[in-house]
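The structure appears right after this line, and notes come after that.
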Amino acid sequence: MSIPSKFTPSAIEQKWYEYWTEHNYFHSSPDARKAYTIVIPPPNVTGVLHMGHLMNNTLQDVLIRRARMRGFNACWVPGTDHASIATEAKVVNKLKNEGIDKTDIGREAFLEKAWDWTHEHGGIILEQLKKLGCSCDWERTKFTLDEDMSKSVIKVFVDLYEKGLIYRGFRMVHWDPEAQTTLSDEEVIYEEKQGNLYHIAYAVENSDEKVVVATTRPETLFGDTAVAIHPNDERYANFHGKKAIVPLVNRVVPIIKDDYVSLEMGTGCLKVTPAHDENDKMLGDKHKLEFIDIFNSDGSLNHQGLHFEGQDRFAVRKAVVKELKTNGSLIKVTPHTHKVGTSERTKAVVEPRLSDQWFLRMESLAKPAIDAVENEDVQLVPKKFINTYRHWMNNIRDWNISRQLWWGHQIPAYYYGTHNENVVVADTKQEALEKAKKKTSNNTLTLEDLTQDEDVLDTWFSSWLWPISVFNGILEPENKEVSYYYPTQELVTGPDILFFWVARMIMSGYALRNEKPFSHVYLTGLVRDSQGRKMSKQLGNSPDAIKLMDMYGADGVRVGLLLSAAAGNDLLFDENLCQQGKNFANKIWNAFRLVQSWNVDENLSVCKTAAVGLDWYTAKFQQTLATIDDHFSKYRISDALMSTYKLIWDDFCSWLLEIVKPAYGASIDAETYQKVCVLFEDNLRLLHPFMPFLSEELWHAFTPRTKEEALIVSSWPTQQDIDIELLDKFDYSAELISQLRTIRKKQNIAFKEPIHLLETSEDKISLRLIVQKLVNISLWDLTDAAPEQSLSFRVNAHEYFVPVTASNLEEERSKMEEELSYQEGFLKSVQKKLSNERFVANAPEQVVDLERKKAADAEEKIATLKSRLNAF
RNA sequence: GGGCGCUUAGCUCAGUUGGUUCAGAGCACUUGGUUUACACCCAAGGGGUCGGGGGUUCGAAUCCCUCAGCGCCCACCA
């Protein structure tokens, strides 16, 4: 049978994924084993796979596959998020292209369109995860708008409302004029922008004087209902008790005194627009000022904006400035950089706006969640995020959970009667009716009298329940599943949603189950492009994940991503990494081809050279296994992979296979062959979490396996004793081999030409059989004195000679002189240390001994070098 | 404005409590190579004053101070 020399991933990926799903290896149900659970950070239902997902889910799959092999009942729960604002924006856009406004068709019809969209595009991303090899328990796939998930959300809302943690408040909120909804504090990104500070003169009533205010937002003057000065500001003492006249609108407003006003800032006079600035609202409440809302929900001015009605706020800003200039009210304009809040989703400049919204009180929820992270009950990896977390949690503000959108969980608040204050909160409309009847003692109320709140809940109000709700732990808190799987083990996600999601899940965990949601949070770095920019669809700088997998294979892409992905460190994505992953796959494939090609002879006696090599590799494997396990325990996944990479490529392929490889045309003895295969298979075990497809393919290629014997459900190697002495001997031998190879190269001695190796005393360390085989040594003799026509070299302090016929010994001489001067310098520095009394007195004995040994070694080397040089 | 973190080879990063010849790894690079698994390969090799300055110590990439540069998070300042 001919096996292709190039490994083609596409030929096996689908086959093995189907095999795994067919035999249900991914599925988990509670049993006697210990559970190892990961819930996926649910991607947007209509999203497509990007580099961040690739990275994230590869990590999760590595963890879950290794756990499965280690005998845990591994359960990885997949699912998607309805992504309220993002999905609604997409659907609105689509309708817009069809010339339809969402308000035209109404809520019901819009939701139907949104569901159509979801069904059409939904779940694509989960299919793409399969291509990556993710071993999710697909039977458990959840969607945040599934019926039971929705019921869970509603139940939590009702419970928290009844506990008094959810309230309705008329507050200053962030308004996204493009999406036409409020946003939470976390959804607002402050960006530094170049703007202007406009100095505008307001006339003082019954006076010739003017009061000059400074503002970055002149267009808001239509909403001005006061001018504020500091009570102790002597410059403006004469304005006390007077009134100012707002330009353009000619509104007469009081000049109020408040020590909130800064003496240094701007002109020291502040225009007060209570309806459009949080601080101004505070002043408005305190001084009982009028609140005048001047904006429509799309950011254009309403009738308060007089002749500017209907125009956009930014156009109005320009126009207002022009008019103020014309009438002489504009004193001056100075450039001014300031931070402007923008919407995380739509990038629109957010507008502070007063409105009725639902809020969740966070303070009491935060407390146990802070403790959990502080005492490492929940461990953040890397640890540096603890600070960020603590700071945010200690300053947490109430969470605005209502959104003026349709796509999402409609708030279960029902209004009745004429006033909006008449509200009941209940799981269903029917229950709401009962509650309302009770509350009003009015038995004549009917369902028609109740109107449900139009708004939906923030997307994160469903995702913060995810680790509980996927196991139905909200509706049935004592059910077998949630008791078994919760709390979960790992959460793998990006630091960008530490507050949006991670912190809130920790809070909900303690609030709803009095138990952490997960033990570890692995925060990955952001995948950036080669210029260091964040990869995003908006920038279009993200490579097509599917194409990448087609080009390099899923295994190759997994390896490529993991190689450079230290936790919490951003990864500058470079396709070369995937190429490296693919090369690795090819290397392993060819190693397999080599082993397969060997002719096994049952009658041959065991090869002694191979036996030494196998013993060494067994020790090396054990040593590396310990390193790999240690890396995993510290979540140093890329280091674990690199250790595996070097073990297989360098130690297994470059060393062991070369040692074991039979001569051309010769056969291999059965015992050696068997041992090589077993070790190869052990390598595949280590490899499986990283490269599941290739490893499973070769696992079955070695020998036919039943479904119970598949690699995915086989075992992770266990630690055995490590033969350290043998490892040392091998390292010594490897150094000897390397030196001999250098001589071959420098002297142009072909491999086929055997080398005669001499030494004056026998080295007791090197593994002669191996050295002889790998550098082709014909004779290895003792000699009384250094031969004249020879090159010498040392491994540690032991000297070897290779007789040469070539006469370029001058080069050898200068090389030795160079080494002599280095050794002498080195000896000098060591002796200096040793002659320092304070060093000898203060340093630990071990360290001093070590220095003494160094000195002795150097002296010995110097002696041999000198005698050699004399011999020339 | 406050807080946190980073700066080590051309690139991406390791470097546990200061102490083995400790200055490392992978990639990239240079040179040589048809050794019949693999050129997606093999072998050998070059390359860094550990951001600058100061200090503590017998000893500093590692601890302290300071300066510079970069990044992230938080914050309502006109």
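We name chains A, B, ... by the order of the sequence lines, and we start the count at 1 in each one.
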With heavy atoms under 4.0 Å as the rule, sort [X] into base, sugar-phosphate or nothing.
X: N279(A); value: base
X: E278(A); value: nothing
X: Q823(A); value: base
X: K271(A); value: nothing
X: K661(A); value: base
X: W598(A); value: nothing
X: F7(A); value: nothing
X: V261(A); value: base
X: F584(A); value: nothing
X: N836(A); value: sugar-phosphate
X: K339(A); value: base
X: R397(A); value: sugar-phosphate
X: E658(A); value: base
X: R744(A); value: nothing

Parallel, tilted or perpendicular for [X] and [Y], by the 30°/60° rule?
X: H338(A); Y: H336(A); answer: tilted
X: F632(A); Y: F690(A); answer: parallel
X: F584(A); Y: Y645(A); answer: tilted

> Considering heavy-atom distances to RNA chain B, does Q579(A) or N576(A) have its closest nucleotide positioned more toward the 5' end?
Replying inline: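 Residue closer to the 5' terminus by nearest nucleotide: N576(A).
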> Toward the 5' end of RNA chain B, which comes first, S597(A) or H336(A), by nearest nucleotide?
Replying inline: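 On the 5' side of the pair lies S597(A).
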>> Work out how far the C1' atom of G55(B) is from that of C13(B), and round it to whole angstrom.
In response: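 Here G55(B) and C13(B) have their C1' atoms 30 Å from each other.
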> With rounding to whole Å, what would you report as the distance between G48(B) and G15(B) at their C1' atoms?
Replying inline: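 Per the computed distance, 14 Å lies between those C1' atoms.
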>> A quick test of your reading: do over 12 heavy atoms of other residues, nucleotides or ligands sit less than 6.0 Å from NZ of K853(A)?
In response: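 Counting other residues, nucleotides and ligands, NZ of K853(A) stays at 12 neighbours or fewer.
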>> Can you tell me if E837(A) has over 12 outside heavy atoms packed within less than 6.0 Å of its CD?
In response: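 Open.
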> Within the modelled atom types, does a donor on one side and an acceptor on the other bring the side chain of K587(A) and the base of C38(B) under 3.5 Å apart?
Replying inline: yes
> Do K745(A) side-chain and U31(B) base share a donor-acceptor contact under 3.5 Å?
Replying inline: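 Indeed there is one.
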> Mind checking who A9(B) pairs with, Watson-Crick or G-U wobble, both distances under 3.5 Å?
Replying inline: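 Here A9(B) is not engaged in any pair, so there is no nucleotide opposite it.
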